[in-house]
Amino acid sequence: MLAHKLSDKHLLKETKKLVIAEKKLTAQVIEHLQEVESRKLYSDLKYGSLFQYCVQELGYSEDAAYRRINAMRVAVHVPIVKEKIQKGELSLSNTNLFSALNNEVELSKKEQKEIVTKIAHMSKRECERELHRVREHKGVGKRTRPTQVRTENSSHVRVSLSLDHETFSALESIQQHKGFSLEETVTYLVKQERAPQVAMLAKATRPKARKLVGKGRYIPVQIRENVLKRDKNRCVKCSSTYKLQFDHIKPFALGGRSEESNLRLLCQSCNRRQAIKVFGVSKVKGGVS
C-alpha cells in the first residue's frame, strides 16, 4: 500500500506497525548473526571476521555492524537482553550502553535482570542517566575506553590510540571473556599474536627432524618450513596472518597424513570453520578435531 494514499489515522497506525515489525526483524538478524558466527560461515566467503562480513557482505555501516554484533554477544551471556530485544522493548543503543556497564562493573544475574528491565523502553538519554547512577552506586568512575593505556610506573609507556569499530569490538569482547583489565587485554593480545609466529619460525629453523612425513600429528621441521613458504605465511582461504595454524586437508582423524601435500595454513577462524564442515557444529564444540 502506498503511504501517500493513506488517511492520517491509517498512516500513523501503519507506521507504528512497521516499527514493531522492524524491531522483530532486528532481533531475528541478531539471532542469525549468532548462528553465522557459531558456524564461522563468513570464512567460506573469505572474510576474516563477522564484522567484515557484516560490513562488506551485508552492507551495514561500521557503526551499525558494531552495534548488532555487540548486542548479539551480550545477549548470549545475559538471556534477558535477548528476551527484551525479541519483544522490541530494548533498543540496540541501550543494549550497547548496558554492555559497556556489564563489562566494567561486576553485576549479579539479579542485578542484570533488574537493570535491563528498567532501561527497557527508555530513551538513550534516560538510559545513560540510569546507568550513570548504577556506576556511582558501584563506586565506578568514568569508564576507561581502549583509546588510552594508563601508566603505573616508569616501566610502562603511555600511548593514545584511535581504533576502528572492528578493533574496538574485538578488544571489548576479549576483555569481557577473559575478565582482564584494559592493560592486561592489550598485553594478552600482543603475546597471542607473537607466540604462534615465534614458535613456527623456531621450529622451521631447527637443524633436525628432516623426515618428509610426520608420525601421528607431528609435522617435521622441513615440511613446516615448506608449507610456510608455499602459503606465504597467510591463511590460504582469507589471507589473514592472524593466529595461523597448520591444517590437515584430509583430517588426521580420518586418516590424513602429516605430509606437505596434505597440509596448508589456515587462520584459527577458517580452521574451525573447516572442522565444522567436516565434523559438524556439535562435535567441534565438544572438542573433536
May I have the step-by-step check of side-chain contact (heavy atoms from CB on, under 4.5 Å) for Arg135 and Glu104, ending in yes or no? CA-CA 9 Å; Arg135 286 185 175 89; Glu104 63 181 305; 2.8 Å; yes
Please report the shortest heavy-atom distance between Asp231 and Leu265, naming the atom on each side. OD2-N, 2.9 Å
Does the Asn96 side chain pair with the main chain of Leu92, one donor and one acceptor, at a distance under 3.5 Å? yes
Closest non-hydrogen atoms of Gly48 and Cys238, given as atom of the first, atom of the second and distance, are CA-SG, 4.3 Å
Quick one: do Ile69 and Val76 end up in the same hydrophobic cluster if we chain Ile, Leu, Val, Met, Phe, Trp and Tyr together by side-chain heavy atoms under 4.5 Å apart? no
Side chains of Val19 and Lys16: closer than 4.5 Å at any heavy-atom pair? no
Treat each ILVMFWY residue as a node, draw an edge where side-chain heavy atoms are under 4.5 Å apart, and state whether Leu254 and Leu266 are in one component. no
Is a donor on one side and an acceptor on the other found under 3.5 Å between the side chain of Asn94 and the backbone of Met122? yes
Go through the structure and list residues passing side chain to side chain contact (heavy atoms under 4.5 Å, CB included) with Leu45, not counting sequence neighbours. Tyr47, Tyr53, Glu57
Side-chain donor-acceptor pair under 3.5 Å between Asn102 and Gln112, yes or no? yes
Pair Lys277-Arg39, side-chain contact (heavy atoms from CB on, under 4.5 Å): steps then yes or no: CA-CA 8 Å; Lys277 290 171 72 174; Arg39 301 185 195 183; over 6 Å; no
Glu136/Arg133 ion pair, N-O < 4.0 Å: no
Donor-acceptor side-chain pairing of Tyr42 and Ser269 below 3.5 angstrom: yes
Considering all heavy atoms of both residues, which atom of Lys237 and which atom of Cys270 are nearest to each other, and what is their separation? CB-SG, 3.8 Å
What closest approach, in Å, do Ser239 and Arg234 show between heavy atoms, and which atom pair accounts for it? O-NH1, 2.9 Å
Taking NZ, NE, NH1 and NH2 as the nitrogens, is one of them in Glu106 or Lys138 under 4.0 Å from a carboxylate oxygen of the other? no
Phe51 side, atom CZ; Asn70 side, atom CG - distance, nearest 0.5 Å: 11.5 Å
Please list, chain by chain and in numerical order, all residues satisfying side chain to side chain contact (heavy atoms under 4.5 Å, CB included) with Thr95, sequence neighbours excluded. Ala71, Val74, Val81, Ile85, Leu90
May I ask you to test the Gln86-Ile30 pair for a side-chain heavy-atom distance under 4.5 Å? no
Check for a donor-acceptor pair, side chain of Arg224 on one end and backbone N or O of Ile219 on the other, with a separation under 3.5 Å. yes
To the nearest 0.5 angstrom, please state how far the CD atom of Glu128 sits from the OG atom of Ser123. 8.5 Å
Under the side chain to side chain contact (heavy atoms under 4.5 Å, CB included) test, residues paired with Ile249 that sit two or more places apart: Asn262, Arg264
Got a second to check how far Arg129's CZ is from Ile119's CD1, nearest 0.5 Å? 13.5 Å
Measure the spacing between CE of Met72 and CD of Gln34 and express it to the nearest 0.5 Å. 6.5 Å
Pairwise side-chain contact, Thr241 with Cys235, heavy-atom cut-off 4.5 Å (strictly under): no
Given the rule in the side-chain contact (heavy atoms from CB on, under 4.5 Å) test, do Leu244 and Asn271 qualify, once you have shown the distances and angles that lead to the verdict? CA-CA 9 Å; Leu244 295 177; Asn271 198 1; over 6 Å; no
Find out whether Ser258 and Phe246 are in side-chain contact, i.e. whether some heavy atom of one side chain is under 4.5 Å from a heavy atom of the other. no
If you measure from the Lys or Arg side-chain nitrogens to the Asp or Glu carboxylate oxygens, is any gap between Glu114 and Lys118 under 4.0 Å? no
Atom NZ of Lys40 and atom CZ of Arg273: how far apart are they, to the nearest 0.5 Å? 11.0 Å
Glu37 side chain near Leu50 side chain, heavy-atom distance below 4.5 Å: yes
When you measure from the side chain of His10 to the backbone N and O of Leu6, does any donor-acceptor pair fall under 3.5 Å? no
For the student: nearest non-hydrogen atoms of Ile276 and Ser38, plus distance: CD1-O, 3.4 Å
Here the pair of heavy atoms bringing Glu260 nearest to Asn226 is OE1-ND2, 3.2 Å
Beyond-backbone contact of Ser91 with Lys124, side-chain heavy atoms, under 4.5 angstrom: no
Are Leu263 and Val236 in one and the same hydrophobic cluster, where Ile, Leu, Val, Met, Phe, Trp and Tyr link if side-chain heavy atoms are under 4.5 Å apart? no
So, taking the atom named CZ in Arg230 and the one named CD in Glu225, what distance separates them when rounded to the nearest 0.5 Å? 13.0 Å
Start with the C-alpha distance between Cys54 and Tyr60, add both sets of side-chain angles, then the distance that settles side-chain contact (heavy atoms from CB on, under 4.5 Å), and finish with yes or no. CA-CA 6 Å; Cys54 286; Tyr60 283 119; 4.2 Å; yes
